[in-house]
Amino acid sequence: MTTRLKPKHQRLVLAIFALVAVVAAGLLAASALKDEAAYFMTPAEFAASPTAVGKSARLGGMVEKGSIVSAPDGLGIAFIATDGKASVRVTYRGIVPDLFREGSGMVADGHADETGGFVATRILAKHDARYMPPQLGAMPGETPDEIARTIEDPAR
Amino acid sequence: MHAYANPLKFLSIARPLTPWLVLGGLALIVVGGWAGLTRTPPDYLQGETVRILYLHVPSAWLGMAGWLALAIAGIVQLAWRHPLAGIAARAIAVPGLVFCALCLVTGSIWGRPTWGTWWEWDGRMTSMLVLLFLYLGFIGLANASEERGSVSKVTAIYAIVGAINLPIINRSVVWWNSLHQGPSITARGSTIDGAILWPLWLTLTGFSLLFAGVVVMRMRAIIADIRADARMTRMASAGPAA
């Protein structure tokens, strides 16, 4: 006599099978979307295949330390956006968010210019998931990032 | 009366449990909220804005945990035909929706001063908004196809299928470049400094207890509704004979 599953268990197996199939389908779709669903291009991606001049694009990266330069008229800034692999010069005219600063992440809407740089029309600050009191952030001699890194990973 | 056997057992546990869940949850929320507003330092970059964390993180957790519970209830209903599963699902959906909406609203309020924008279509925000619509769909479907306080099979399947969004929300900041920061609290530890982190555990536990309390209260209300309905039906059918 063949062993038959109880109806209850049959339904359970069916439900679990359906769940696994759905999750697998979702993960496949998500991985297929990997490039499409990215919110911004990294400097490396931008440097490797710059978008057409004037075509809307979004660039995200770290603001390189010491790279922010104010325009002579005081209304604009220029800085280097980097991801450690490539650097892109970004120019912007307007007001940046309070959290936009050197050594922090940012996302810029804009387009490529003729020289391989990026002209931003809007800049957002990216927060980096580190939260700490100001005493730790403003200790003399060290930057908040350096201190944060030691807090983040004491073993390092 | 087989269908009532379990609900009765449930009620005998749920009744004394309700005040503990609700009052305990509220107490933790009050203490955690007070501590989060007055006892913790501001963040070195964000300043006082960081305090919205104590509401935003529990909301995000409960919005997602709520759907996970809906999916589990769906499996229990389909596989075991447990009479409480559908009732639980109906009870979970509305508080789940509320916390999901709270998460989106508090995130938006935080995003304006921090990022410089109220809303961006990045992976995390978009997938969380999808969760909100999933909740709306579930509530609509559950109400349209109510079966004696429980939910229909289609609704249970919908809850299971919708669970696919949960890993997408969770991984959205890892898979894709996103404006939303990556995970702060992982198995390897937290990038939130201890001085800022500790009230979060209080509000996280507090809101979770309150959520459970609200769900239990709603389940009790639905069961009372079913029993009142059943009694009315009995009385109506017995009416002409008496």
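Just so we're clear, the structure is a prediction, and the values are computed from it rather than from any experiment. Chain naming here is simple, since letters A, B, ... match the order of the sequence lines and numbering starts at 1 in each.
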Rounded at 0.5 Å granularity, tell me how far [atom1] in [X] sits from [atom2] in [Y].
{"X": "A:I123", "Y": "B:T117", "atom1": "CD1", "atom2": "OG1", "answer": "13.5 Å"}
{"X": "B:I164", "Y": "A:L19", "atom1": "CD1", "atom2": "CG", "answer": "8.5 Å"}
{"X": "B:L78", "Y": "A:R11", "atom1": "CG", "atom2": "CZ", "answer": "8.5 Å"}
{"X": "B:W115", "Y": "A:M106", "atom1": "CH2", "atom2": "CE", "answer": "15.5 Å"}
{"X": "A:L124", "Y": "B:T114", "atom1": "CG", "atom2": "OG1", "answer": "11.0 Å"}

- request: Without swapping roles, check the side chain of B:N177 against the backbone of A:F40 for a donor-acceptor pair under 3.5 Å.
  value: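 Pair found, side chain donor or acceptor close to backbone of A:F40.
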
- request: Sequence neighbours left out, what passes salt bridge (charged side-chain N to carboxylate O under 4.0 Å, His left out) with A:R122? Give chain and number order.
  value: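 Salt bridge (charged side-chain N to carboxylate O under 4.0 Å, His left out) list for A:R122, sorted by chain: A:D109, B:E120.
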
query: For chain A, which residues from residues 45-55 of chain B lie under 4.5 Å away (heavy-atom distances)?
result: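 Within residues 45-55 of chain B, the residues under 4.5 Å from chain A are B:L45, B:Q46, B:V50, B:L53.
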
field: Per-residue contacts, residues 132-143 of chain B versus chain A, heavy atoms under 4.5 Å
entry: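 None at all.
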
- request: Name the option with the most non-hydrogen atom pairs under 4.5 Å to chain A; the candidates are B:G189, B:A156, B:S178.
  value: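 It is B:S178.
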
- prompt: Is the number of heavy atoms from other residues, nucleotides or ligands within 6.0 Å of CD1 (A:I95) greater than 12?
  reply: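 For A:I95, atom CD1 is not crowded (no more than 12 foreign heavy atoms under 6.0 Å).
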
message: I'd like to know whether B:M125 forms a side-chain contact (heavy atoms from CB on, under 4.5 Å) with A:Y39, so could you lay out the CA-CA distance, the side-chain angles of the two residues, the decisive distance to 0.1 Å, and finally the verdict.
response: CA-CA 11 Å; B:M125 287 165 244; A:Y39 178 69; over 6 Å; no

message: In the structure I gave you, are the side-chain heavy atoms of A:H9 and B:W80 within less than 4.5 Å of one another anywhere?
response: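 A side-chain contact is absent here, since even the closest heavy-atom pair is not under 4.5 Å.
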
- prompt: According to the salt bridge (charged side-chain N to carboxylate O under 4.0 Å, His left out) rule, which pairs have a member within residues 60-82 of chain B, sequence neighbours left out?
  reply: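 Every pair satisfying salt bridge (charged side-chain N to carboxylate O under 4.0 Å, His left out) with a residue in residues 60-82 of chain B: there are none.
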
